Structures are given as structure tokens and as C-alpha cells.
Amino acid sequence: MSAITYKSNRNVYSSCTYHVVFCPQYRRKVLTDEVAERLKQILQEVCEERQADLLGMEIMPDHVHLLLGCDPQFGIHRLVRLLKGRSSHLLRREFPVLVRTLPTLWTSSSFVSTVGGAPFAVIKQDVEHQKNV
């Protein structure tokens, strides 16, 4: 089991890891071959630009799974919106077939779930012990 790594800025120490899933419009199977490879590059570039950790990525023909570490002050919603917006713009410009196939590349929704951390019982115990400090 790996130790939790914390990142910090001037105000906050944090370890926020998220599982993110999003799909092309109508769940069309358009994320194949060259499109998938270019999508990987774009997602990595955006994460580097925003100093987010791209811990895992799996691109299926009809959806994308990401494991992301994100600064809580920037926000996972803003990061997902940026990933989807930039990738849609660039992919539709580089692959005209996507423009003909779909009115927009991504659906407006996405799935986000937090990952890892201590169990509720441990957190509750820690909070209760703070009363005695």
C-alpha cells in the first residue's frame, strides 16, 4: 500500500484524487486509433499546464476514464470542463469526421468520485480525540 502524498500551495495542504468518466455525445464509438492517441496527448498537456496529476487514463471507444489529482482550490469541475473543452476544440479541428458525426464531441455531463482516504470510522475517531487536546 502506497503512502498518501500531499501537495501544497501557500494556503492548503491536500491530497485530492478523483475518478472521472465522460462520454462522447450519444455514446458514439469515435475514440479509436489516431483520435484516442491525440486525446491522450491533449489530456496530458492540459494536466501539466494546470499542475494536476494524471495518475491513470483509459480511453475506450465510447468513454474516457481518468484518475486525477487536483488542487481543491482550482476545483475538479473546472479541470474536467477544461479537459473536455480543449480536447473537443482540438480534436474537432484536427479530425473533420467528428464534426460531421457529432454536433458536439462530449456530453454535458460527467461522473466524478473521490478516491482513497481513510475509512469513516478512523476519521470519526480522530475527530473525537481532538476534543481531548
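Since the structure is predicted, the reported quantities are computational estimates derived from the model, not experimental observations. In what follows, every heavy atom counts, from backbone to side chain, and hydrogens, waters and symmetry copies are set aside.
The line from OG1 of T17 to CG of D53 is 7.5 Å long, rounded to the nearest 0.5 Å. Atoms CG and OG, on L83 and S88 in that order, are 12.0 Å from each other to the nearest 0.5 Å. To the nearest 0.5 Å, atom NZ of residue K7 and atom OG of residue S14 are 8.0 Å apart. In this structure, CZ in F111 is found 12.5 Å from CG in L66, a value given to the nearest 0.5 Å.
In the hydrophobic clustering of ILVMFWY residues, with side-chain heavy atoms under 4.5 Å counting as a link, L67 and V112 come out apart. L105 and M57 end up in the same hydrophobic cluster when Ile, Leu, Val, Met, Phe, Trp and Tyr side chains are linked at under 4.5 Å.
Two residues are said to be in side-chain contact when any heavy atoms from C-beta on lie closer than 4.5 Å; R50 and L82 meet this criterion. Side-chain contact between V80 and Y18: absent, with no pair of heavy atoms (C-beta onward) separated by less than 4.5 Å.
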Solution key, residues 38-46 side-chain donor-acceptor pairs under 3.5 Å, sequence neighbours excluded:
| residue | atom | partner | partner atom | Å |
| --- | --- | --- | --- | --- |
| R38 | NE | E94 | OE1 | 2.8 |
| R38 | NE | E94 | OE2 | 3.2 |
| R38 | NH1 | Q41 | OE1 | 3.2 |
| R38 | NH2 | E94 | OE2 | 3.1 |

Name every donor-acceptor pair, under 3.5 Å, that has one atom in a side chain of residues 21-28 and the other anywhere in the protein, sequence neighbours excluded.
| residue | atom | partner | partner atom | Å |
| --- | --- | --- | --- | --- |
| Q25 | OE1 | T104 | OG1 | 3.2 |
| R27 | NE | D62 | O | 3.4 |
| R27 | NE | D62 | OD2 | 3.1 |
| R27 | NH2 | H63 | ND1 | 3.3 |
| R28 | NH1 | T101 | O | 2.9 |

Side-chain donor-acceptor pairs of residues 68-79 under 3.5 Å, sequence neighbours excluded:
| residue | atom | partner | partner atom | Å |
| --- | --- | --- | --- | --- |
| D71 | OD1 | Q73 | N | 3.0 |
| D71 | OD2 | N9 | ND2 | 3.4 |
| Q73 | OE1 | N9 | ND2 | 2.8 |

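Of the possible donor and acceptor atoms, one in the side chain of T107 sits under 3.5 Å from a partner among the backbone N and O of S109. When atom types are taken as modelled, the side chain of R92 and the backbone of L102 share a donor-acceptor pair closer than 3.5 angstrom.
Grouping Ile, Leu, Val, Met, Phe, Trp and Tyr by side-chain contacts under 4.5 Å, direct or through others, leaves V99 on its own.
The salt bridge (Lys or Arg N to Asp or Glu O under 4.0 Å) test applied to K29 returns no partner, not counting sequence neighbours. Applying the side chain to side chain donor-acceptor pair (under 3.5 Å) rule to E49 yields the partners R86; only residues at least two apart in sequence or on another chain are considered.
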